[in-house]
Amino acid sequence: MQTVVELNDLQASRAALAEPVGLVPTMGFLHEGHLSLVRAAREQCASVVVSIFVNPTQFGPNEDLAAYPRDLPRDFALLEKEGVDLVWAPTPEVMYPAGYQTWVTVKELTGHLEGALRPGHFQGVTTVVAKLFNATRPHKAFFGQKDAQQVAVIRQMTRDLSYPIAIQVCPIVREADGLAMSSRNIYLNPQERKAAVVLFRSLTTASQLYEQGQREVAPIKAAMEEIFHQEPLARVQYISFADAQTLAEVTELDRPSLVSMAVYVGKTRLIDNQILG
Ligand code: AMP
């Protein structure tokens, strides 16, 4: 496994890779969720490239950029075991040299959900992913359903900018109790960690009601809110029911729908989601 930092080293190593090439973009501090993407890429592609970059432009001014967990030596060891060919871990200066001024923006889709609450977040995401696509020229790129809106936005960008890249979406990997794996789970103290299962419990309730035939959003949302009321360490920022394609809010589940949420557990902001239908 090669590890590179500089763009010219990346390009030289990329040129020597067997094709098709699979790319797994990450911010590092890897867990089984990331590794599930790497394994999918390993199965489907002749070569696997993983990028590790805590992208400053997708963090808001009051978000956790400085505190975001990092452990490159551990990440490299995990990726080596998975048979990854090439790891690109650029510095912010490599990605955004002095004088940088070009941005990629997806419009409507980023006006909802996370995009509405985190101004500039998706512009940072699409810009960095476009740069990763340009530099690594993958045939397939692997993303997690954990970040459902990110998947929709990247699919849109890939279509709109005519990238010849297949976007592969992998299911959410969860801890034994149902908590979606996330690098940010490290912020949770033991009490908060226990409380954090409430997101999954609320999604399970939503699925059960849906399976029983409920198609009205209001009673499902009320049942979810009731579950959160019973967990004093959790504070809901939003629970959304949206059209899975457009991400516009819906009141009836008469089409494939995305139920998604952002919840503070203590000071840690967690997101989770599920597709209904
Ligand atoms: P991140 O390092 O958080 O930017 O995540 C890198 C990629 O891993 C993204 O495509 C995420 O959606 C995906 N990912 C993160 N957590 C999970 C998870 N629990 N299950 C599946 N994919 C995940």
Side-chain angles (χ1 to χ4, degrees), residues 1-55 57-58 70 72-97 102-104 106 122 124-148 150-173 181 183:
M1 184 179 87
Q2 279 185 288
T3 61
V4 294
V5 174
E6 300 296 334
L7 186 57
N8 53 359
D9 293 333
L10 182 269
Q11 282 162 342
S13 298
R14 163 62 184 89
L17 290 178
E19 298 188 338
V21 170
L23 170 69
V24 181
T26 80
M27 298 205 300
F29 208 70
L30 303 177
H31 51 65
E32 283 294 316
H34 299 111
L35 297 182
S36 73
L37 307 187
V38 172
R39 286 170 198 145
R42 187 67 283 167
E43 275 171 25
Q44 296 178 35
C45 301
S47 305
V48 178
V49 180
V50 175
S51 61
I52 301 179
F53 181 57
V54 182
N55 176 33
T57 67
Q58 72 188 67
R70 294 159 168 92
L72 277 181
R74 180 175 160 278
D75 290 347
F76 291 160
L78 287 169
L79 295 175
E80 175 107 59
K81 261 200 243 159
E82 298 295 335
V84 167
D85 299 279
L86 177 58
V87 180
W88 186 26
T91 59
E93 294 71 28
V94 166
M95 200 56 96
Y96 302 108
T102 301
W103 301 96
V104 176
V106 171
F122 282 114
V125 170
T126 43
T127 299
V128 84
V129 171
K131 288 172 67 69
L132 293 169
F133 282 2
N134 294 340
T136 62
R137 295 182 291 107
H139 300 80
K140 289 190 179 184
F142 295 77
F143 295 89
Q145 177 62 25
K146 165 85 187 340
D147 298 279
Q150 173 169 282
V151 165
V153 168
I154 286 174
R155 279 192 195 286
Q156 185 73 41
M157 177 192 82
T158 303
R159 258 198 312 276
D160 290 351
L161 295 184
S162 314
Y163 280 113
I165 299 171
I167 304 302
Q168 297 281 311
V169 181
C170 300
I172 301 177
V173 177
M181 290 193 184
S183 306

Interatomic spacing from NZ in Lys131 to OG in Ser51 - rounded to 0.5 Å: 12.5 Å
Could you pull out every donor-acceptor pair under 3.5 Å between side chains of residues 138-145 and any protein atom, sequence neighbours left out?
from   : atom 1 : to     : atom 2 : distance (Å)
His139 : ND1    : Val21  : N      : 2.9
Lys140 : NZ     : Gln44  : OE1    : 2.8
Gln145 : NE2    : Asn273 : OD1    : 3.2

Close side-chain approach of Leu30 to Leu79, heavy-atom, < 4.5 Å: yes
Test side-chain hydrogen bond (donor to acceptor under 3.5 Å, both in side chains) applied to Asn134 - qualifying residues, sequence neighbours left out: Tyr163
Euclidean distance, His31 NE2 relative to Asp75 CG, rounded to 0.5 Å: 10.0 Å
Minimum-distance pair of heavy atoms, taken over all atoms of Gly33 and Ser36: O-OG, 2.6 Å
Salt bridge (Lys or Arg N to Asp or Glu O under 4.0 Å) partners of Glu6, counting only residues at least two apart: none
Derivation of the side chain to side chain contact (heavy atoms under 4.5 Å, CB included) call for Leu86 and Leu10: CA-CA 8 Å; Leu86 177 58; Leu10 182 269; 3.9 Å; yes
Derivation of the side chain to side chain contact (heavy atoms under 4.5 Å, CB included) call for Trp88 and Leu7: CA-CA 9 Å; Trp88 186 26; Leu7 186 57; 3.9 Å; yes
Given Thr3, Val50, Val49, the one that forms side-chain contact (heavy atoms from CB on, under 4.5 Å) with Val84: Val50
With sequence neighbours excluded, residues passing ring pair (Phe, Tyr, Trp, His ring centres under 6.0 Å) with Tyr96: Tyr100
Any side-chain heavy-atom pair of Thr57 and Met95 under 4.5 Å: no
Inter- and intrachain pairs under salt bridge (Lys or Arg N to Asp or Glu O under 4.0 Å), touching residues 22-50, at least two apart: Glu32-Arg39, Arg39-Glu82, Arg42-Asp85
Results of side-chain contact (heavy atoms from CB on, under 4.5 Å) for Ala46 - residues two or more places apart only: Ala18, Pro20
Test side-chain hydrogen bond (donor to acceptor under 3.5 Å, both in side chains) applied to Asp160 - qualifying residues, sequence neighbours left out: Gln156
Set of side-chain hydrogen bond (donor to acceptor under 3.5 Å, both in side chains) partners for Gln58, sequence neighbours left out: Asn55
Main-chain N/O of Val104 paired with Thr127 side-chain donor or acceptor, under 3.5 Å: yes
Taking every non-hydrogen atom, the tightest pair across Met157 and Val106: CB-CG2, 3.9 Å
Sequence-distant partners of Thr91, side-chain contact (heavy atoms from CB on, under 4.5 Å), two or more places apart: Val5, Glu93, Val94
Heavy-atom side-chain contact between His34 and Val24 under 4.5 Å: no
Val125 and Ile154, any side-chain heavy atoms less than 4.5 Å apart: yes
side-chain hydrogen bond (donor to acceptor under 3.5 Å, both in side chains) partners of Gln2, counting only residues at least two apart: Ser13
Between CZ on residue Phe29 and CD1 on residue Ile52, distance to nearest 0.5 Å: 12.0 Å
Heavy-atom side-chain proximity of Leu23 to Phe133 below 4.5 angstrom: yes
Considering all heavy atoms, the nearest Ala40-Cys170 contact: CB-SG, 3.9 Å
